[in-house]
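To start, the structure under review is shown below, and the notes come after it.
For clarity, every value in this text was computed on a predicted model and none was experimentally measured.
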Amino acid sequence: MSVFFAGAYDIAVIGGGHAGIEAALAGTRLGCRVICFSTQLDAIGNMPCNPSVGGTAKGHLVREIDALGGEMGRAADACCIQYRMLNRGKGPAVHSLRAQADRLAYRAYMKRVLEQQENLSLHQAEIADIKLSHNGAVSSVITALGGEFFVKAVILATGTFLGGRVITGNHFFLGGPDGLAGAYALPEVLRRLGIPLRRFKTGTPPRVLGRTLNRDKMQIQQGEDTIQFSFEATGTVRNQACCWHTWTTPETHEILRRNLDKSPLYSGLIEGTGPRYCPSIEDKIVRFADKDRHPIFCEPMGVDDGEYYLQGLSSSMPLDVQLEVIRSVPGLENAEMTRPGYAIEYDCLDPLCLSPSLETKKIPGLFGAGQVCGSSGYEEAAALGLCAGINAALGVLGRKPLVLGRSTSYAGTLIDDLVTKGTDEPYRMMTSRSEYRLLLRQDNADIRLTPIGAEIGLISQERLQKTLDKYHRINTAIKRAEGLVLPPSQSLSHILKKAGSPIPVSGIRMADLLRRPELTWERLSSLDPEAPELNAQEWESVEICIKYQGYLSRQQSQAEAFGRMESRRIPGDLNYDDISGLRLEARQKLGVVRPRNLGQAGRISGVSPADLTVLMIYLEK
């Protein structure tokens, strides 16, 4: 193939999905010239798996992306048609925002943002090669049509397109999600460059025509008046659509069991490893054989779109079986299937080949972002894309990389888990993955990360000051509540009696009342007419800090101890074979991961506390 010079940029982003979008925007906004490649520009920001943003732990990630200066939160607020807050019945650590998006509007929004961003170029092409300079760093990318673009950094954000194979029943074809073209030259290029790859699998649910649903047999899910994703959001939440909830039946499960031999999951046609926490319906009835039903959510694809996703019914069964399964579900007896579900296998990096900056250890200037790092989900992809874009730009600009800690963010936990522990299946973020989830709530993502975003250059000083002013108000209100003593009164007794709360015989501090689970600021606000003027979200933060003060203090102490371990650096060129007392497995694992500090070393699978003690003693000597 003849090659010609097509241009020169600082950063090339390969992929225009959720990871590629954040990577391209972050790199450009930090002052670099960026080119973003996509095999289909009309599919930028596509949502093939479900038309939603957020969810448990994922909503935290979206708010963190916004707090750092990313785009996903703003896009979600501009295009989402129904908001709901998940886990309201549980503690504030797991409260998570989820919203249905207008799928086409989201794509159009993101494409428009990229098109209007100064110093960001879009190019529809498949990347066929990555070239290295004499010192082993990336130097250019070459398209399938022979255009060579000279660059200083490359971000792989290929999603599920890398070596993609789409499977329904015993039928399969090479391609990406939603019938788009896959990428087949790059896997061989990466293998040639010595980058280890894995084969993963994900799936999508079938979609049906909305007018053929029998909603009388389903439970409606209305939207809620709640917060929005972006901390800069103004105005009220717009709930323009409803979702519908139904369940599988014993008949559904019988159909699936009767046809398991036709499932590519069990016939051996699918070779990739699928996500444990989001299995297909045929996998569910095998793994959870004791369950007589599973939830199905009918989710609109948009305000003016007549199709619905059947969330919870992800499947790669043959077409006729999928239709039989759908029509065994209450409310879907007459549903017309518009698009069948399918599985898609794809290549991704072994994340242990990445450093905490998401740069590959072997090739300077080559970064991973999104599902190519072994993750699963739009929100995880966007968080990884944002961090990869930041670090690629910082590297080009000669600045130190950004490495978010586990105690500062879910994004930091996500990256640390991937590059330290690796993953044998598509990684999905959950609140239980964090040791500090009470510190990493969705309501305080701004104070945790906005100062970092400002220091990097993605957040304006004006926005930073607004955030600092907000928490000054919150801290002032907390101090006032701790110091304000309310004497016995008829109004106090009335409020407490109505709430079923004990009535004190003497004066009581406002903070002590707020610590009672049955009492809220909304109930008690009339008792303090001189309280600071805070909005509902700020008062919620005040309540959380007061109610959970003991737990927060304990986790903060744990985070500080963790920070001390993280501050004990390990030389990057340390030869672990020279350390007597280390077990062979520990030497091998430490040599592969190359941990930056003792904290990271202690989280590596196969490194025991005894190994860590040996390493500490060696470093002290």
Side-chain angles (χ1 to χ4, degrees), residues 59-60 63-64 66-67 85-97 224-234 236-237 407-409 431 436-451 463-487 489 491-492 495-496 498-502 504 507-557 559:
H60 292 66
R63 300 211 96 201
E64 289 183 353
D66 182 76
M85 186 66 72
L86 306 185
N87 304 321
R88 282 190 186 273
K90 301 178 181 179
V94 296
H95 292 176
S96 300
L97 185 61
E224 299 176 2
D225 182 13
T226 182
I227 63 171
Q228 298 182 64
F229 284 111
S230 177
F231 287 95
E232 294 185 292
T234 58
T236 57
V237 165
S407 61
T408 65
S409 62
T431 54
Y436 312 104
R437 62 184 186 175
L438 193 54
L439 296 178
L440 307 183
R441 306 182 310 276
Q442 64 173 7
D443 67 284
N444 70 357
D446 52 348
I447 193 60
R448 290 188 279 115
L449 296 176
T450 298
R463 179 175 174 183
L464 173 62
Q465 191 58 52
K466 286 182 179 178
T467 302
L468 297 177
D469 291 344
K470 168 185 171 181
Y471 282 89
H472 177 72
R473 294 193 298 273
I474 289 171
N475 291 329
T476 299
I478 292 171
K479 289 179 182 177
R480 178 173 175 81
E482 293 286 2
L484 179 64
V485 178
L486 298 171
S489 67
S491 56
L492 174 60
I495 290 170
L496 297 182
K498 192 174 180 179
S501 191
I508 187 169
R509 293 188 305 160
M510 175 68 83
D512 291 332
L513 289 175
L514 283 171
R515 288 190 179 97
R516 298 182 181 183
E518 69 275 10
L519 296 177
T520 63
W521 171 255
E522 187 177 5
R523 285 182 180 270
L524 300 171
S525 58
S526 62
L527 299 174
D528 184 13
E530 297 180 13
E533 291 187 14
L534 276 63
N535 61 36
Q537 295 173 34
E538 292 168 347
W539 276 119
E540 181 184 24
S541 295
V542 170
E543 267 191 65
I544 291 170
C545 290
I546 291 175
K547 284 184 184 295
Y548 297 90
Q549 182 184 35
Y551 298 102
L552 287 166
S553 297
R554 188 181 311 153
Q555 279 203 356
Q556 188 60 50
S557 297

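Side chain of Glu64 to main chain of Ser409: no donor-acceptor pair is present (N/O by atom type, distance under 3.5 Å, no hydrogens or angles). Side-chain atoms of Thr450 come within 3.5 Å of backbone atoms of Ala67 as a donor-acceptor pair (strictly under, hydrogens ignored). Proximity of a side-chain donor or acceptor of His60 to a complementary backbone N or O of Arg441 within less than 3.5 Å is not detected. The backbone N or O of Ile546 sits nowhere less than 3.5 Å from a side-chain atom of Gln549 that would complete a donor-acceptor pair. In terms of modelled atom types and a separation under 3.5 Å, the side chain of Lys547 and the main chain of Leu514 share a donor-acceptor contact. Checking side-chain atoms of Gln555 against main-chain N and O of Leu438 turns up a donor-acceptor pair under 3.5 Å. Remark: the backbone N or O of Val237 is not paired with any side-chain donor or acceptor of Asp225 at under 3.5 angstrom.
A salt bridge links Arg515 and Glu482; the closest N-O separation between the charged side-chain nitrogens and carboxylate oxygens is under 4.0 Å. For Lys466 and Glu232, the salt-bridge test fails: no basic side-chain N is under 4.0 Å from an acidic carboxylate O. For Arg63 and Asp66, the salt-bridge test fails: no basic side-chain N is under 4.0 Å from an acidic carboxylate O.
Going from atom CG of Leu534 over to atom OG of Ser541 covers 9.0 Å, rounded to the nearest 0.5 Å.
Take Glu522 and apply the salt bridge (Lys or Arg N to Asp or Glu O under 4.0 Å) test, not counting sequence neighbours, and it matches no residue.
Annotation for Pro92 and Ile544: closest pair CB-CD1, 3.6 Å, computed over non-hydrogen atoms. For the residue pair Arg437 and Thr431, the shortest heavy atom distance occurs at NH1-OG1, 3.4 Å.
For the pair Asp443 and Gln537, the minimum side-chain heavy-atom distance is 4.5 Å or more. No side-chain heavy atom of Asp528 sits under 4.5 Å from any side-chain heavy atom of Leu524.
Just one of Thr520, Leu519, Ile478 meets the side chain to side chain contact (heavy atoms under 4.5 Å, CB included) condition when paired with Glu543; it is Thr520.
Side-chain contact of Asp446 with Thr467: a donor-acceptor pair under 3.5 Å is absent, judged by distance alone.
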